[in-house]
Visitor: 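I have a structure I would like to understand better, so I am pasting it below and will then ask my questions one at a time.
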Amino acid sequence: MIGTLYSVVLDTPDLKGLSSFYASLADLTEKYADENWVSLRAADGTRLGFQRADDHVPPRWPDQAHPQQLHLDFRVPDLVAAVERAVALGATRLPGGGDTYTVLADPSGHPFCLCQGEPDGDTTIADVALDCPAAGELARFYSGLLGLPVTWEGEGGAMISADGKLPVIFQQVENYSAPRWPDPAHPQQLHLDIEVADIEAAERQALALGAVRLPGGGDNFRVYADPAGHPFCLVW
């Protein structure tokens, strides 16, 4: 294990609006907010971050010329009621879905899914899913990065998971189009923040796994791309 998944971060031009949307959708608590960043936490400790991006270009589901790159899945006790509530909060229904899940876009255009859970359960963040051209390969990269075992690999997908950890799903996509950080014409839309104890050692290990260092960074974070081109940050 190189680090632990600290937060799933969504780009948005409207920090207050989008963070308020997800706080209401999944009963998340605001833990930090300033003019460029908002952090929310779920009851199980899962964190969502919201990063101000004035040049945010939303995906156009299911157009692979302007694709989603990552998305969140939420488990809900009543799918019909949850969809109605999401739309009332500002979501838009998108094509796709099935008997047990519905695809929507949040107010900043990020696709997400509501999935039928236990009828007596709560709304929870079920997983984060990454689009990619080769699911098994990317699953093994993140397995090494996060120390989570590959618990499923099949046609078109893979997953890493462990008890008490947010599962990460890898969804194989034909004609996958990667972001080109920091090009706003081919932007990231979501990214993962991964907490590490020793940034120098963590960087060496991440690069050895197949990560690429990207421009940008700060006093407590550095930016990388995974083998499929998704930016992620090592934070400390």
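All heavy atoms count here, side chains included; hydrogens, waters and symmetry mates do not. Please read these numbers as outputs of a predicted model, since none were measured by experiment. By convention here, the first residue in the shown sequence is residue 1.
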Visitor: If you link ILVMFWY side chains whenever their heavy atoms are less than 4.5 Å apart, which other residues fall into the same cluster as V57? By chain and number, please.
Guide: none
Visitor: Report the residues that fulfil side-chain hydrogen bond (donor to acceptor under 3.5 Å, both in side chains) with T46, sequence neighbours left out, ordered by chain and then residue number.
Guide: D44
Visitor: With a 3.5 Å cut-off and no angle check, do the side chains of D131 and Q69 form a donor-acceptor pair?
Guide: no
Visitor: Supply the atom-to-atom distance N220 CG to C233 SG, rounded to the nearest 0.5 angstrom.
Guide: 9.5 Å
Visitor: Rounded to the nearest 0.5 Å, how far does CG of D193 lie from OH of Y6?
Guide: 8.5 Å
Visitor: Sequence neighbours left out, what pairs pass side-chain hydrogen bond (donor to acceptor under 3.5 Å, both in side chains) with at least one residue falling in residues 158-167?
Guide: T151-S161
Visitor: So, taking the atom named CD1 in I194 and the one named OG in S7, what distance separates them when rounded to the nearest 0.5 Å?
Guide: 11.0 Å
Visitor: For the residue pair L209 and G144, what are the closest heavy atoms and their distance?
Guide: CD1-C, 3.7 Å
Visitor: Let me see the working for R140 and E153 under salt bridge (charged side-chain N to carboxylate O under 4.0 Å, His left out), right down to the final yes or no.
Guide: CA-CA 10 Å; R140 285 183 282 277; E153 183 175 355; 3.0 Å; yes
Visitor: Is the number of heavy atoms from other residues, nucleotides or ligands under 6.0 Å of Q172 CD greater than 12?
Guide: yes
Visitor: In chain order, what residues pass the side-chain contact (heavy atoms from CB on, under 4.5 Å) check against P111, with sequence neighbours excluded?
Guide: P59, W61, Q68, L94
Visitor: May I ask you to decide whether R52 forms a salt bridge with D54, counting only side-chain N to carboxylate O separations under 4.0 Å?
Guide: yes
Visitor: Does R41 have any side-chain hydrogen bond (donor to acceptor under 3.5 Å, both in side chains) partners at least two apart in sequence or in another chain, and if so, which?
Guide: none
Visitor: Can you pull out every ring pair (Phe, Tyr, Trp, His ring centres under 6.0 Å) where at least one residue sits in residues 214-233? Sequence neighbours excluded, please.
Guide: Y176-H230, Y224-F232
Visitor: With sequence neighbours left out, write down each residue that passes side-chain contact (heavy atoms from CB on, under 4.5 Å) with A139, or none if nothing qualifies.
Guide: V150, A158, I160, F170
Visitor: Would you tabulate the side-chain donor-acceptor contacts of residues 113-129 under 3.5 Å, counting partners in other chains and residues two or more places apart, or write 'none'?
Guide:
from: Q116; atom 1: OE1; to: L79; atom 2: N; distance (Å): 3.1
from: Q116; atom 1: NE2; to: P77; atom 2: O; distance (Å): 2.8

Visitor: Side-chain contact, heavy-atom cut-off 4.5 Å: F112 with L25?
Guide: yes
Visitor: Show me the pairs that pass side-chain hydrogen bond (donor to acceptor under 3.5 Å, both in side chains) and involve residues 94-106, at least two apart or across chains.
Guide: Y22-D106
Visitor: Less than 6.0 angstrom separating the ring centers of H56 and H110, yes or no?
Guide: yes
Visitor: Distance check, rounded to the nearest 0.5 Å: L10 atom CG versus F50 atom CZ?
Guide: 5.5 Å
Visitor: Go through the structure and list residues passing side-chain hydrogen bond (donor to acceptor under 3.5 Å, both in side chains) with S20, not counting sequence neighbours.
Guide: none
Visitor: Working to the nearest 0.5 Å, report the span between CG of L130 and CG of D226.
Guide: 6.5 Å
Visitor: Under the side-chain hydrogen bond (donor to acceptor under 3.5 Å, both in side chains) rule, collect the residues that match up with N36, sequence neighbours excluded.
Guide: none
Visitor: When rounded to the nearest 0.5 angstrom, what distance separates CG in L48 from CG in L72?
Guide: 6.0 Å
Visitor: Not counting sequence neighbours, list each pair that qualifies as a salt bridge (charged side-chain N to carboxylate O under 4.0 Å, His left out) and has a residue in residues 195-209.
Guide: E200-R222, E203-R213, E203-R222
